[in-house]
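In what follows, every chain begins at residue 1, and chains take the letters A, B, ... in the order their sequences are listed.
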Amino acid sequence: MVLEERYSPQKVELKWQKYWADKQLNKTGFNPSQKKFYCLEMFPYPSGEIHMGHVRNYAIGDVVARYKRMRGYNVLHPMGWDAFGLPAENAAIKHGVHPSEWTYKNIEYMKKQLNRMGLSYDWEREITTCSPEYYKWNQWFFLRMFEKGLAYRKHSYVNWCPSCATVLANEQVIDEKCWRCDSTVTQKKLEQWFFRITHYAEELLRECDELRGWPERVVLMQKNWIGKGEGVEVDFPIEGMDEQLKIFTTRPDTLFGVTFMCIAPEHPMAEKMVKDTNKLEAVKAQYGKEDEKIGLFTGSYTINPLNGDRVPVYVANFVLMEYGTGAIMSVPAHDQRDFEFAKKYDLPIKIVIVPEDRIQDTRYRIQDKKNHASCIMNHESFAPDITEAYEDEGIIVNSGKFSGVKSDSAKKEIIQFIEEKRLGRGTINYKLRDWGISRQRYWGTPIPILYCDKCGIVPVPEKDLPVILPEDVRLTGKGVSPLLESEAFLNTKCPKCSGRARRETDTMDTFVDSSWYFVRYCFKKGDINLDSELLSPQSECKYWMPVDQYIGGVEHAVLHLLYSRFFTRVMRDLGLISTGEPFQNLLTQGMVIKDGAKMSKSKGNVVDPHYLIEKYGADTSRLFSLFAAPPERDLEWSDKGVEGAYRFLHRLWGIVYKNREALSVMRNDIRGFDASRITDHASLLLRKTHQTIKKVTTDIEREYHFNTAIAGLMELVNEITSFEPESDEDWKTFKFAIERVLILLSPFSPHIAEELWEAIGNEPSIFEQQWPKWDEEIAREEEIELVIQINGKLRSKIMISQGTPDDEIEKMALEQQKIKEIVGAKTIKKVIVVKGKLVNIVIGE
RNA sequence: GCCGGAGUGGCGGAAUUGGUAGACGCAAGGGACUUAAAAUCCCUCGUCCCUAAAGGGCGUACCGGUUCGAGUCCGGUCUCCGGCACCA
């Protein structure tokens, strides 16, 4: 209880961290009658040390959790470890330490660091994804999805790093290079396990509109990622063959402008049409290369079913097999890619859309009389002089009975025509692809599948879960997947026929782990039966889900967040949970920047949180990172700014120290005090205190604008500093102001708030206090500053009392000496009075 | 290229619904205390003109518009950042 003169954060912080842990203040209660709040921050990868991004992320989350607790919510605020992943394998290769050992050691250290920050986690719900008791359920979900056809195996092209000998996820490919070893990534065809996320494409897209608590840009990124395209599939008969070429287009209004066709190198028809396999292989090798469009004439022609045009078919490296039908119609006049291709291979260009304002230009109109087919055959272009494709809307020309129609209505008419004539049908395509989850790595969840010579693909029976990741493997970083070399793991018996079977050696993408961890937090840690826990009618999950506030970096805007939305829907459809949307509100915090760039070791601009906390303490570190910018914006790090935050806490400490005796002796009977006996200067402080309670509360509620909330607290502390109590009522007001400051500060800088709270004679813990309320009456200013403008320019200010009627305000303004001088003999045209704010006098020349 | 977001003092940022631009903090300058320094405290601090004090002009990337009044709304331009990128 004896307050030291000098604020030493180390002492204070360790003291209270121990106290909170002993008292189990952060333990989650389960009380279905109490309103709940699930506050979650994205869990870290245990790389070894926390960085400033973590400090910021977790400081924000901790403020939310502590604030909501004080607002009377039952708060779930858990933490865990995204513990599978390649860095552990790299460490193993480099230092010869087992990934498991490396990971658990990192977790131990990082947990200490998080605790040193004073974060209010309930560690009884800690998750470690690399523990069998966790990843067992990855496997369990996999089996359920396999049963439902949501997990399947297929051949596809994947990003392949030849040096690391593994598949890479899209986000691990940076400018066509491997993020780890910088070698050029190639496309490789591999058989892989996929989750059928596309099954939920429409729902995931549609329900984006329900994500009202998400930042708009993140929702938009998800929408774009899913990429719905509405169009039409059309069958083009192939000349001399009994087959049709099915194409997809979103531009049926350009169907009459088709002058050639392109198919993907992997398209089944390519091999049938192209005789020279060497040439076809050459195009295949260039598949997906963006620098150059390469084509190969197949020798075949198709007939445009709308106008009978005979058009050549090309194999082209830029046509994607994965989207649409793998075949496109090419309209060089109205698609820039087709235009470039046409120019390169000297193919005809036919205009079918003219901008509305150029419809009188005769060059575009006359073609209908000509024989299209012969024009194309003779390479006589309809539009020899254009330099680029016209991709916008306009009037349809050269398109038979559709000529003269505006392109947007032509789209509908042509689709209708196609469907009536049974030439094709309206379709929807999505850019979203199924999620490839196979990784040729060791440190991940084994995929619970067996390959039996007789029975084929056999799922591991549920009772045999988990399929344990073997410990005794050799990690070299070269050659094949490490699990392939573990004989004991690889060879097993088929559960169906008891014959010889081989295990799947690929492991799961670590994004699987993080796609449902928020559900696992709803229960205590340890080896639980998640299945029956979830299905129990009293399931804690029903109470806690969905997450009320999720906080993390914007770099997961699509991947992790989209996967989680998908997984949650799968769990819902399996009857395990009732909500489909996992995160009610999402806050994406900005990056921590220094010297204009993201902190990174290679740039040498890293601030080490360990050093920071050693020097200034957790309270200062937290306070600065919350004060320097609003959470969603990038935060420019400033060592001097940290000093400023430190000074502020020192100053507060100093005030309390100076008055410690008087403050602690005084009884806390503030509620009963007589406001009529209060002195003028004390009533100003009292008002400011109520105004600050209001400001801090509304700033937190207003999208967590902690920076302005803290600024408000600084203002109040400035006033307290210059306040000198004399009478009893003064002292009471003074103590009241300090107490409010401490409670309002406590979510931001918890330790110092707790220490000073105790020092002025209160029982800990300050976190058992209710969040203060303000009195609107007391907070209201009696007098307001009225701004007087003339023609919108500020000319004078006067003090008036609150609630002065408009006509009186007007009169007072016009009577001002200065205003009279300016107005002089000029006519007053109009006077505008804005209540409580200003008067604008409009005068003539 | 397409889709977003943002441009405010020397700096980080305030200004919540169209109503006093620059809260709060940092830096800088001046002063007090000190043998001295650090720490602390006090004052100044967008810019230009002018003044003895006062005043006044300009100012939220740039150009224009709406309005009694625009950082805020509308149209156009420029710059920076982010996402997607041969998706037919």
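Within 4.0 Å (heavy atoms only), A:Asp634 reaches sugar-phosphate atoms of the nucleic acid but no base atom. Nucleic acid contact class of A:Asn840 (heavy atoms, under 4.0 Å, all strands): base. As judged by a 4.0 angstrom heavy-atom cut-off over every strand, A:Gly227 is placed among residues making no nucleic acid contact. Using a 4.0 Å heavy-atom criterion, one finds that A:Asn718 contacts the sugar-phosphate atoms exclusively. Residue contacts for A:Arg702: at a heavy-atom cut-off of 4.0 Å it reaches a base atom on one of the strands shown. Here A:Val842 lies in heavy-atom contact (under 4.0 Å) with sugar-phosphate atoms only. Using a 4.0 Å heavy-atom cutoff across all strands shown, A:Lys793 reaches sugar-phosphate atoms only and no base atom. Across all strands shown, A:Val558 has no heavy atoms under 4.0 Å from either base or sugar-phosphate atoms. Within the nucleic acid shown, A:Lys431 comes within 4.0 Å of at least one base atom, counting heavy atoms only. A:Arg795 comes within 4.0 angstrom of the backbone, heavy atoms only, and of no base. The residue A:Gln789 sits close to a base: some heavy atom pair falls under 4.0 Å.
As rounded to the nearest Å, B:U67 and B:U17 have P atoms that lie 23 Å from one another. Comparing the C1' positions of B:C24 and B:U34 gives a spacing of 31 Å, expressed to the nearest Å. Nucleotides B:G22 and B:U47 place their C1' atoms 13 Å apart, quoted to the nearest Å. Nucleotides B:G71 and B:G57, compared at atom P, are 16 Å apart to the nearest Å.
Put simply, CD on A:Gln222 is 15 Å from C1' on B:G4, counting in whole angstrom units. Between A:Met221 atom CE and B:C3 atom P there is a gap of 16 Å when expressed in whole angstrom units. Between the NE2 atom of A:His267 and the C1' atom of B:A88 there is a distance of 13 Å, rounded to whole Å. As rounded to whole Å, 13 Å separates atom P of B:C41 from atom CZ of A:Phe648. A:Asp639 has its CG atom 14 Å from the C1' atom of B:C11, to the nearest Å. For A:Phe748 and B:C24, the CZ to C1' distance is 13 Å, given to the nearest whole Å. Remark: C1' of B:A38 and NE2 of A:His650 are 13 Å apart, rounded to the nearest angstrom. One can place CD of A:Glu636 at 17 Å from P of B:G10, the figure rounded to the nearest angstrom.
If you check B:A88, B:U16, B:C24 against the side chain of A:Tyr323, the one that comes closest is B:A88. Closest contact between the side chain of A:Lys797 and the listed nucleotides B:G19, B:U20, B:G4 involves B:U20. Picking from B:A88, B:C26, B:G12 the nucleotide with the shortest atom distance to the side chain of A:Arg647 gives B:C26. Between B:A23, B:G19, B:G25, one nucleotide has an atom nearer to the side chain of A:Met714 than all others, and that is B:G25.
A cation-pi arrangement is not found for A:Arg651 relative to A:Phe648, the charged atom failing to lie both closer than 6.0 Å to the ring centre and inside a 45° cone about the ring normal. Remark: A:Lys154 is positioned above the aromatic ring of A:Phe194, its terminal NZ or CZ atom under 6.0 angstrom from the ring centre and at most 45 degrees off the axis.
For A:Glu230 and A:Lys411, the salt-bridge test fails: no basic side-chain N is under 4.0 Å from an acidic carboxylate O. Between A:Asp806 and A:Lys811, no side-chain nitrogen of the basic residue sits less than 4.0 Å from a carboxylate oxygen of the acidic one, so the salt-bridge criterion is not met. Under a 4.0 Å N-O distance rule, the pair A:Glu715/A:Lys688 qualifies as a salt bridge. A:Lys293 and A:Glu340 are joined by a salt bridge, as a carboxylate oxygen and a charged side-chain nitrogen come within less than 4.0 angstrom of each other.
One can find a donor-acceptor pair under 3.5 Å joining the base of B:U20 and the side-chain atoms of A:Glu785.
Sequence order on RNA chain B of the closest nucleotides to A:Ile822 and A:Leu838 puts A:Leu838 first from the 5' end. With RNA chain B read from its 5' end, the first of the two nearest nucleotides for A:Lys818 and A:Thr708 is the one closest to A:Thr708.
Here B:G59 sits opposite no nucleotide as a Watson-Crick or G-U wobble pair (both hydrogen-bonding atom distances under 3.5 Å). Checking B:U51 for Watson-Crick or G-U wobble geometry (two distances, each under 3.5 Å) identifies no partner in any strand. In this entry B:A88 has no Watson-Crick or G-U wobble partner, no candidate having both defining distances under 3.5 Å.
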Verdict with reasoning, A:Gln589 to A:Arg633, per side chain to side chain donor-acceptor pair (under 3.5 Å): CA-CA 6 Å; A:Gln589 103 262 7; A:Arg633 245 205 273 190; over 6 Å; no
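For B:G9, the glycosidic angle deviates from 0 by 90° or less, giving a syn base.
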